[in-house]
Every structure is written in C-alpha cells, then in structure tokens.
Amino acid sequence: MPEILETSFAEYIAAGLRDVAREQGFTEGLYTLENESGSNMGDGFVGQLLKVFIREANRELVVLCKLLPDNELRRQQGIALFERESEAYMDILPLLLKFQREKSLEQGMPIFDNVPRCYYAKTTFDKLESVIIMEDLRLQAYRMWNKANPVDFDHARLLMTTLGRLHAISFAMKEQQPVEFERCRNYTDSMFRMMDEYPAGSFEKMMVGMCNRAIDSLEQHDTFRREKLEQFKDRCVPEMMACVDGKAAEPYAIIGHGDCWSNNMMFQYEDDNQTLKNIKLIDWQLSRYASPVLDLVYFIFNCTDEELRSHGYHRLLSIYYNSLGAHLRNLGGDVERQFPRSAFREQLKQFGRYGLLMSMMVLPIICTPNDELPDTDTAMEGLMKDITTGDSGVEFIYGTTEKAAIRYRKRMAGCIRDSIRLGYI
C-alpha cells in the first residue's frame, strides 16, 4: 500500500495545485487535496514524486507532482535540471507541438505526441524550489521496463520510430519557421551547469574513476581495447562537452530528449499485456539542442545488449532514419535534402562515442536492481566527500553488489567492444 502523507504543502507546491485546480474547473473552497508517495524505490535519481488527488463532489483528478529531493546537496545539484525540465514542458515542447498541429495532418497519420500532459511547471532557482505537475500515466496502464534487463528489439524499434518523429519536427520547423525556431538554438546542455556545483576538477576526477572501472570490465588479455580506453581516459569530460555542443552538429542539430534510457520512458500494451501499443517519453531534464544521434547511441548502448546490437544496431538506425524521413515529408520537408544519409553517417562517426561515455556513468545504476540500490542521499554525500578529500578512486557506489557487478561487467565490456568495432573511439 502506498504511504499516505499529510495534505499540507509548501506554498510553492500549493500555488501550483491551486492553478491546476482552477484551470481544470474545480471550485475554489469546495475541492480537497489528498496525497501519497508517487514513486517506487529506484524510479527517480534526481527527484521525488508525490501523487495528489484533487476531489470535488463526484469528480477526481489525479496528478503527479515532481519535486526536488529534501536533501540540500541534491537540491543544489538538481535545480538546473528541474529548470530545464520546466522549460521543456512549458516552452520548448509546446512550441514544437504547435508547429506540428498547425500542419493539420490527416486524421490517422502518425504524429509525435509521446509526452505526458504537463499541467504546470515552475522553478525558482534562487530559492531552490521547483514543482512539475503532470498526468499520472499509470492510470492509462503505462508502465516502465525493468531497467536491469536489456530492452528487446520490439521496444527499441518503437523508441527509434518515436525519436524519428520528434527530431523531424525540429528539422521541419528549423527550415520553415527559422525566426520562431531561434529559441531552440539557445537550448544548450544543462548537465554541465549542474556540474558547476562540484569543486573544480572533481567531475573530471569522477569520470577517470568510472573509465578505470570500465577498463576493468575487460579481460586482462584484451590489451588492445584496454590501451584504447587508457588513451581515452583523461579526455572523457572534454569529449562529452564536444558531443553535446549543438553548434558542432550544425546544420543538423535538433531538440532531443537527452536522457534516453529505459527509466525515462513508459510503455502501454494491448489487452494481451505483451503487444506494444504506445510509448511516452518522460524526464526531459537533459533535453537540449544537439546532434540527433545522441539520443540514439545513448539508448542503444545503455539499454540493449551486445547480442541485440550484433544483428540489430544498423536495423534500428534504419528504422529511425525511415521514421524521420516519413514524418519530415508529412511536415513539408525533405530528408534527403535536410539530413541525407551521408550526413547521418558522419554524425554517428563524430558523436557516436557519446553512447560509451554515458555508459560509464549510467550502466552502474542500470545494472543495480531496485532492491539493491544504495540510499541516494548517502551515495551522493559519499561521492562529494571522496571528491573534496582528493580521493583518486572517486565513483558512485552503484553496481557494486555481486549481482549488479556481474551484469555491469558483461554489459560494459560489450559497450566497449561495440564502440571500438563501430569506429567510435
């Protein structure tokens, strides 16, 4: 049973709920608010969820409030990401969806509408306050994939099709409404703003530790790949920054989701509970204007395994590209002119290493079952202590239990082998 919480809210949360209730036609003074915890262990890394019931007479609206953690350190580190997600839901996504809607596509024609409804979002940076109020997709039978298991081909195919349509809107709007699209060009990466909260040089130190751990996933006799990664180790952070630079991806940069791993998407199924029906992309905290291939390699390297990639990698890229081309054509564009296959291949060559870089950070978390996750507050405080005391072995304490470590070594070694095989590093 979910934990029932007291129904008093901090004023910034209450203000958002009052705004939603008013917009949804509830009567001031006659509706009530009740809430309970809205997330399970392992659902969210940067925030917490509160499920709120707005009730009046026989009517009820259920919403999810996404909030910053209570821990002060994590609030400081997470506020930039919440500000980005607020901007995504209230500004950038509505801009893109309005452009698509104004195309008046024929009924039944595929469109991108794969985001939850957001009723309200506001972030106040100086007060470290943020609330994002959205629909609860679980009421429509959406559910998450078990993050500890690699995603199968059908789920990966659905995501590739969806990303193709999302990216197509940027390509079309960029060409047809350049003045309105200009706001998107300034939508630069937010992760490195969050890293400003770390002491100077500490993120670089953390990445060296994570790269060392990745190297250790390889067999001792695999000297070729070990040496490849050793040469790469001290360049991890500048390489990441180069990958997320939208200007470096021009003229092909688009608005992407930015954080495409399995915990940030929810799937809906047919009545047989197995056949895929739909997908929604959640958690837009790393959304940015950058190369379209970042979303693809982030997901494929972190959420599939080496076996699937051996036969499915290029198939998934083709599914994405065909979806992009079809939707771009429906929006009045031309993929062969605006993003030819030769340019797609060049973008993969230039930015494909991003998949491996993110694997170093994300795979330890993905490979840790929810019931073995460490307390996030303790983990972050331990990390910061290691950083500030100059510990050379800085890393998250994820993926260290026996079960998680076995999964991590297998998945990480596969990512390294595939990155080298594909010529990304």
Side-chain angles (χ1 to χ4, degrees), residues 88 91-115 156-188 243-258 260 278-279 281 284 287-300 312-352 354-355 422-424:
D91 185 14
I92 298 297
L93 286 170
L95 180 73
L96 297 176
L97 294 176
K98 178 174 178 283
F99 172 83
Q100 179 183 244
R101 192 166 55 249
E102 288 174 348
K103 289 296 175 180
S104 301
L105 300 180
E106 291 180 21
Q107 193 165 3
M109 192 174 281
I111 61 170
F112 176 81
D113 60 354
N114 306 88
V115 293
R157 174 170 51 197
L158 179 58
L159 177 66
M160 291 297 112
T161 302
T162 302
L163 290 175
R165 293 176 190 149
L166 168 63
H167 295 172
I169 303 174
S170 285
F171 276 112
M173 188 177 183
K174 192 175 183 179
E175 180 178 79
Q176 298 168 34
Q177 295 184 3
V179 176
E180 292 86 343
F181 188 79
E182 195 61 31
R183 287 150 61 187
C184 298
R185 294 182 186 274
N186 299 320
Y187 202 59
T188 53
C243 284
V244 300
D245 180 3
K247 291 178 181 176
E250 293 292 21
Y252 307 113
I254 46 81
I255 294 294
H257 179 275
C260 274
N278 204 3
I279 183 176
L281 303 181
W284 291 74
S287 54
R288 63 171 84 86
Y289 181 69
S291 171
V293 307
L294 300 190
D295 281 345
L296 313 183
V297 295
Y298 186 151
F299 172 79
I300 296 175
Y313 183 71
H314 292 292
R315 288 169 64 199
L316 289 173
L317 294 181
S318 290
I319 288 164
Y320 162 80
Y321 190 79
N322 291 338
S323 173
L324 170 72
H327 198 47
L328 185 52
R329 183 173 61 252
N330 292 339
L331 296 172
D334 178 1
V335 72
E336 288 301 336
R337 185 183 74 251
Q338 293 177 259
F339 192 37
R341 286 184 187 273
S342 58
F344 185 29
R345 288 192 293 269
E346 282 300 313
Q347 292 271 304
L348 284 163
K349 185 177 178 181
Q350 186 175 355
F351 302 111
Y354 186 73
L422 292 162
Y424 295 160

Any chance you could lay out the salt bridge (charged side-chain N to carboxylate O under 4.0 Å, His left out) test for E250 and K247, step after step, and finish with the verdict? CA-CA 5 Å; E250 293 292 21; K247 291 178 181 176; over 6 Å; no
Could you check L281 against I279 for side-chain contact (heavy atoms from CB on, under 4.5 Å), going step by step and ending with a plain yes or no? CA-CA 7 Å; L281 303 181; I279 183 176; 4.2 Å; yes
Verify ring pair (Phe, Tyr, Trp, His ring centres under 6.0 Å) between Y320 and F344, making sure each step is shown before the conclusion. CA-CA 11 Å; Y320 162 80; F344 185 29; 5.7 Å; yes
Assess whether salt bridge (charged side-chain N to carboxylate O under 4.0 Å, His left out) is satisfied between E180 and K174, documenting all intermediate values. CA-CA 8 Å; E180 292 86 343; K174 192 175 183 179; over 6 Å; no
Between N186 and Y289, is the side-chain contact (heavy atoms from CB on, under 4.5 Å) condition met? List the steps. CA-CA 7 Å; N186 299 320; Y289 181 69; over 6 Å; no
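In this structure, H257 NE2 and L93 CG are separated by 9.0 Å, a value rounded to the nearest 0.5 Å. Atom CG of L331 and atom CD of Q176 lie 7.0 Å apart (nearest 0.5 Å). To the nearest 0.5 angstrom, D245 atom CG is 9.5 Å from T188 atom OG1. Atom CG of L96 is separated from atom CD1 of I169 by 6.0 Å, given to the nearest 0.5 angstrom. Taken from SG in C260 to CG in L163, the straight-line distance is 4.5 Å, to the nearest 0.5 Å. With rounding to the nearest 0.5 Å, the separation of CG in L348 from CG in L296 is 7.0 Å.
At least one side-chain heavy atom of L422 sits under 4.5 Å from a side-chain heavy atom of H314. Within the 4.5 Å cutoff, the side chain of S291 has no heavy atoms near those of the Q350 side chain. Side chains of V244 and Y354 form a contact here, defined as non-hydrogen atoms less than 4.5 Å apart. In this structure the side chain of E346 never reaches within 4.5 angstrom of the side chain of Y252, judged on heavy atoms. The shortest distance between side-chain heavy atoms of L324 and R165 does not fall below 4.5 Å. In this structure the side chain of N114 never reaches within 4.5 angstrom of the side chain of L166, judged on heavy atoms. In this structure, I300 and L316 have side chains that are in contact, with non-hydrogen atoms separated by less than 4.5 Å.
D295 places no side-chain N or O within 3.5 Å of a backbone atom of G256 that could act as its donor or acceptor partner. A donor-acceptor distance shorter than 3.5 angstrom exists from the side chain of Q100 to the backbone of F112, with no hydrogens or angles considered. Within the 3.5 Å criterion, the main-chain N or O of I319 finds no donor-acceptor partner in the side chain of S323. Side-chain N or O atoms of S170 include none that pairs as donor or acceptor with a backbone N or O of I254 at under 3.5 Å.
The list of salt bridge (Lys or Arg N to Asp or Glu O under 4.0 Å) pairs with a residue in residues 319-344, not counting sequence neighbours, reads E175-R337, D334-R337.
A pairwise comparison of heavy atoms in A172 and F99 identifies CB-CE2, 3.6 Å as the closest pair. Taking all atoms of both residues into account, the shortest heavy-atom contact from P340 to Y321 is C-OH, 3.3 Å. Across all their heavy atoms, C184 and L95 have their closest contact at SG-CD2, 3.8 Å. A pairwise comparison of heavy atoms in Y187 and S287 identifies OH-OG, 2.8 Å as the closest pair. Contact record, Q347 with P292: OE1-CD, 3.7 Å, taken as the closest heavy-atom pair. Residues H327 and L105 come closest through the heavy atom pair CE1-CD1, 3.9 Å.
Aromatic ring pairs are classed by plane angle as parallel below 30°, tilted from 30° to 60° and perpendicular above 60°; the pair F339 and F171 is parallel.
For D91, the side-chain hydrogen bond (donor to acceptor under 3.5 Å, both in side chains) criterion is met by R183, not counting sequence neighbours.
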